[in-house]
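Written below as C-alpha cells is the structure these notes are about.
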Amino acid sequence: MVIPPELDAYSESHTTPPPDHLVTLAAETKEAKQQSWGMMVGTVEGRFLEFLAHMTRARRILEIGMFTGYSALSMAQGMPEDGRIITCDVDPEAERIARRHFDASPYADRIEIRMGPALETVSTLEGPFDLVFIDADKTNYRNYFEAVLPKLAEGGVIAVDNVLWSGRVLDVAANDDADTRAIAEFNTAVRNDPRVECVLLTIRDGVTLIRKVDRR
C-alpha cells in the first residue's frame, strides 16, 4: 500500500461494493491466510480488474498468480458469457479455497485452474489472450512478461501488480533484496522496451498497464 490509509479507505468507500461471493471469499482469505491475506487484491483493485476485462471486451484472460481467487472472480464478472480465464498457481491450500468459491459463484464455467510452475503452464498455452494479469513471484516478472507478450492479442493489455512494492523501489540500495531488485529492474525494462507502451498507476501497491506498440 503506497497511499495513506485514510485515502485508501475513502477510495474503497466510494467504489461500488463487491458482490456477496467476493465478500465471503475475502473473509475466508483473511481467516485462513493470516500471514499473507494482504496478497489478495481487494475491493478497489478487484473492481479495477473487472473494469479492465469489461473495457477490453476480453474473451480470453490469462492470470499468473491466482492466490485464493479474488482477482479471477473479479475479472470473470467483467467478461461476456462466453469468456474464459486460465489462472495459474502453485499453492494447494489457496487452490482449495479458490476452487470452492469459484464453484459457488455464478462464474464457475468461466474459470480454469492450472496448477504448477506458471512458466511451464504458459509454454503449453496457445494465444491470443485479450488480458493478462501478472501477480506472482516477483523475481520471475520479466520472464512472465517475455512469455506472455507473444501470446497477447492485438489491442490486448497486460496488467502487472505490486510494481511500487510499498515504495521500496524508490531506494533499491536501502532495500537490497531479490524481490525489490527484480521489480525495479522490471519497471525500468518495460519503460525502455520499444515493443510496448506502459503506464504505471498508483492503484493499491501499483499496477502497470502494458500494450504492444502499433507499428502500422
Distance from C88 atom SG to E112 atom CD, nearest 0.5 Å? 9.0 Å
E93: which residues meet the salt bridge (Lys or Arg N to Asp or Glu O under 4.0 Å) condition with it, sequence neighbours left out? K33
Considering all heavy atoms of both residues, which atom of G116 and which atom of V90 are nearest to each other, and what is their separation? O-CG1, 3.4 Å
Checking N192 now: which residues fulfil side-chain hydrogen bond (donor to acceptor under 3.5 Å, both in side chains) with it, not counting sequence neighbours? none
Any side-chain heavy atom of L125 within less than 4.5 Å of one from R114? yes
If Ile, Leu, Val, Met, Phe, Trp and Tyr residues are connected whenever their side-chain heavy atoms lie under 4.5 Å apart, and connections chain through other members, are L119 and I158 in the same group? yes
Within the side chain of T188, is there an N or O that forms a donor-acceptor pair under 3.5 Å with the backbone of E185? no
Nearest-0.5 Å distance that lies between atom OG1 in T121 and atom CD1 in I86: 9.0 Å
Spatial distance of atom CZ (R96) from atom CG (D91) [nearest 0.5 Å]: 8.0 Å
Measure from the side-chain N and O atoms of D89 to the backbone N and O of M66, and report whether any donor-acceptor pair falls under 3.5 Å. yes
Between CG on residue D161 and CZ on residue F67, distance to nearest 0.5 Å: 12.0 Å
Side-chain heavy atoms nearer than 4.5 Å, only ILVMFWY residues, links allowed to pass through others: does that put V44 and L49 together? no
Okay, side chain of T29, backbone of L25: is any donor-acceptor separation there less than 3.5 Å? yes
Those residues at least two apart in sequence (or on a different chain) that pass side-chain hydrogen bond (donor to acceptor under 3.5 Å, both in side chains) with N162 are K138, D205
Is any side-chain heavy atom of H21 closer than 4.5 Å to a side-chain heavy atom of P106? yes
Any side-chain heavy atom of L62 sitting closer than 4.5 Å to one from K151? no
Ignoring hydrogens and geometry beyond distance, is a side-chain donor-acceptor pair present between T43 and T15 at under 3.5 Å? no
Determine whether a donor-acceptor pair (N or O, by modelled atom type, separation under 3.5 Å) exists between the side chain of D137 and the backbone of T139. no
Linking I/L/V/M/F/W/Y whenever their side-chain heavy atoms sit closer than 4.5 Å, directly or via other members, would W165 and V172 fall into one cluster? no
Residues that R168 engages under salt bridge (Lys or Arg N to Asp or Glu O under 4.0 Å), provided they are two or more places apart: none
Holding to salt bridge (Lys or Arg N to Asp or Glu O under 4.0 Å), I want the full list of residues that pass it with E146, two or more places apart in sequence or in another chain. R195
Going by heavy atoms in the side chains, are N140 and I64 under 4.5 Å from each other? no
Sorted by chain and number, sequence neighbours left out, ring pair (Phe, Tyr, Trp, His ring centres under 6.0 Å) with F186 holds for Y141
Quick one: side chain to side chain donor-acceptor pair (under 3.5 Å) pairs with a partner in residues 53-67, sequence neighbours left out? R59-D82, E63-S71, E63-T87
Count the heavy atoms of every other residue, nucleotide or ligand shown that sit under 6.0 Å from CD of E81, and state whether that count exceeds 12. no
Is it the case that the side chain of R47 and the backbone of T16 share a donor-acceptor pair, with hydrogens and angles ignored and the cut-off at 3.5 Å? yes
Path from L170 to I183 over hydrophobic side-chain contacts below 4.5 Å: no
Just to verify, what does E45 make a side-chain hydrogen bond (donor to acceptor under 3.5 Å, both in side chains) with, not counting sequence neighbours? none
Partners meeting side-chain hydrogen bond (donor to acceptor under 3.5 Å, both in side chains) with E28 (sequence neighbours left out): R100, H101
For R211, which residues count as a salt bridge (Lys or Arg N to Asp or Glu O under 4.0 Å) partner, sequence neighbours excluded? E197
All ring pair (Phe, Tyr, Trp, His ring centres under 6.0 Å) counterparts of F51, not counting sequence neighbours: none
Is the backbone N or O of Y70 less than 3.5 Å from a side-chain atom of S74, with the two atoms forming a donor-acceptor pair by type? yes
Transitively linked via ILVMFWY side-chain contacts under 4.5 Å: I113 with M75? yes
Would I210 and F145 count as a side chain to side chain contact (heavy atoms under 4.5 Å, CB included) here? Give the steps. CA-CA 10 Å; I210 303 166; F145 169 72; 4.0 Å; yes
Distance-only, no hydrogens or angles: does the R204 side chain make a donor-acceptor pair with backbone N or O of V41 under 3.5 Å? yes
Please report the interatomic distance CZ(F133) to CD1(I61), rounded to the nearest 0.5 Å. 11.0 Å
Excluding sequence neighbours, so at least two apart, what forms ring pair (Phe, Tyr, Trp, His ring centres under 6.0 Å) with F48? none
